[in-house]
Structure formats: structure tokens, C-alpha cells
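Structure record follows, encoded as C-alpha cells.
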Amino acid sequence: MSNELAQMILAVVSQIPKGKVASYGQIAKLAGLPKHARLVGRVLGQIEDRTAIPWHRVINSQGKMSTTQLTEHGDHLQQILLLSEGVVVINGRVNLKQFAWLP
DNA sequence: GATCAGGCTCTAA
DNA sequence: ATTAGAGCCTGAT
């Protein structure tokens, strides 16, 4: 794993404004890594709970969450976090037209 | 929706 | 150093 790439990716993720979401591919592109969507997912999965990165604002291009994150309460953590910042999540899906982050 | 193939990194041998 | 397998994806069938 290259920390350089991870840092760039995390830097971009950190820039996602509250109440908006971005796709893996979009993050990769903004980080200057056009075809590295999968790497983004990998990096996030690695640091998701160890850092203060808003990983929950990153979803796939179809507006769905890749992993089913469950809390001790048995709820979808990512969904809860998004809802708490005003992003509407329906059936585990986000309305990209409305909440996609447009830099 | 579900499926397929593409493009690229990471890890383990 | 090279090879092979697998992956929290995407865009087009």
C-alpha cells in the first residue's frame, strides 16, 4: 500500500462538504488517479475507523453503499451518519441527483 | 435490475 | 524481481 496515494485520496475525501456525497470513482479522479476507484474503497476500508475522515460520504456510482456497516445496535452506521447530516437515504440508496458533490 | 468485461492496485508466494 | 489471485468499482450490455 502506498501511503502517498492514500494521503491524496484521504485529502480529497476530507473535502467533501457536509450534506453531500461522492462516488469512489469521483474521489479517484479528483485525487488525480483516474481509474483507481477500487483503490479508494480499499484505502477507506483500511482507515475508516482509525481517522477522522468522513468515509460515510463516499458511496458507489449507483448511490448505494458497498459495505453493510453495522453498529453494535445492529443498524447501518453509514446510513445513520448520512441521515444525521441531512442526506436522504432510502432503502440504502442516496439520490445522487440531489446530493452528489459537485466540486 | 443483473451481468460482463475492463483497468489497475495490493498481497502473498 | 516476477507471477498469480483477488478486490468496499464503473460503464456499458
Side-chain angles (χ1 to χ4, degrees):
Chain A
M1 163 82 54
S2 169
N3 257 358
E4 297 290 306
L5 299 187
Q7 289 309 312
M8 300 190 74
I9 291 170
L10 296 179
V12 174
V13 175
S14 307
Q15 290 169 41
I16 304 174
K18 183 177 148 202
K20 294 286 184 177
V21 298
S23 72
Y24 292 100
Q26 186 178 4
I27 298 299
K29 199 195 236 174
L30 291 173
L33 311 165
K35 311 266 171 62
H36 297 209
R38 294 172 104 154
L39 179 59
V40 173
R42 219 164 202 289
V43 171
L44 287 179
Q46 202 180 196
I47 51 78
E48 73 177 61
D49 50 351
R50 295 190 226 168
T51 63
I53 301 296
W55 57 271
H56 54 277
R57 296 184 193 147
V58 183
I59 59 186
N60 67 26
S61 65
Q62 305 177 20
K64 290 183 67 176
M65 316 176 193
S66 307
T67 59
T68 307
Q69 289 280 353
L70 295 181
T71 63
E72 301 105 25
H73 306 226
D75 299 316
H76 288 232
L77 176 59
Q78 185 165 22
Q79 178 171 324
I80 293 175
L81 289 171
L82 288 174
L83 286 171
S84 66
E85 8 183 89
V87 176
V88 177
V89 181
I90 303 173
N91 287 346
R93 276 195 277 119
V94 174
N95 182 333
L96 286 179
K97 299 277 201 201
Q98 186 174 4
F99 296 106
W101 174 42
L102 306 175

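By convention in this document, chain letters (A, B, ...) are assigned in the order of the sequence lines, proteins followed by strands, and residues within each chain are numbered from 1.
- Electrostatic pairing of A/Lys20 and A/Glu85 does not count as a salt bridge here, judged by no charged N lying under 4.0 Å from a carboxylate O.
- Here C/dG11 presents its C1' atom at 17 Å from OH of A/Tyr24, a figure rounded to the nearest Å.
- Between A/Ser61 and C/dT10, a side-chain N or O to OP1/OP2 separation shorter than 4.0 Å is present.
- For the pair A/Met65 CE and C/dC9 P, the interatomic distance rounds to 13 Å; values are reported in whole Å.
- For A/Asn60 and C/dG7, the CG to P distance is 17 Å, given to the nearest whole Å.
- With rounding to whole Å, A/Gln46 atom CD is found 10 Å from B/dC10 atom P.
- Heavy atoms only, all atoms of each residue included: A/Leu81 and A/Ser84 are closest at O-OG, 2.6 Å.
- Only A/Lys35, A/His36, A/Arg38, A/Leu39, A/Arg42, listed by number, bring a heavy atom of residues 28-45 of chain A to less than 4.0 angstrom from any atom of DNA chain B.
- Between A/Ser23 and C/dC9 there is no side-chain polar atom (N or O) within less than 4.0 angstrom of OP1 or OP2.
- Under the 4.5 Å side-chain criterion, counting only non-hydrogen atoms from C-beta, A/Val21 is in contact with A/Leu82.
- The nearest whole Å value for the distance from the CG atom in A/Leu5 to the P atom in B/dG7 is 20 Å.
- For A/Pro54 against A/Val13, the heavy-atom pair with the smallest separation is CG-O, 3.5 Å.
- Within the shown strands, nothing qualifies as a pairing partner of C/dC8 under the Watson-Crick or G-U definition with both distances less than 3.5 Å.
- Rounded to whole angstrom, the span from the CG atom of A/Asn3 across to the C1' atom of B/dC10 amounts to 13 Å.
- Pairing each heavy atom of A/Pro103 with each of A/Gln26, the nearest pair is CD-NE2, 3.7 Å.
- Within the 4.5 Å cutoff, no side-chain heavy atoms of A/Lys29 are placed close to those of A/Leu33.
- To the nearest angstrom, C1' of B/dG1 lies 9 Å from CD of A/Gln62.
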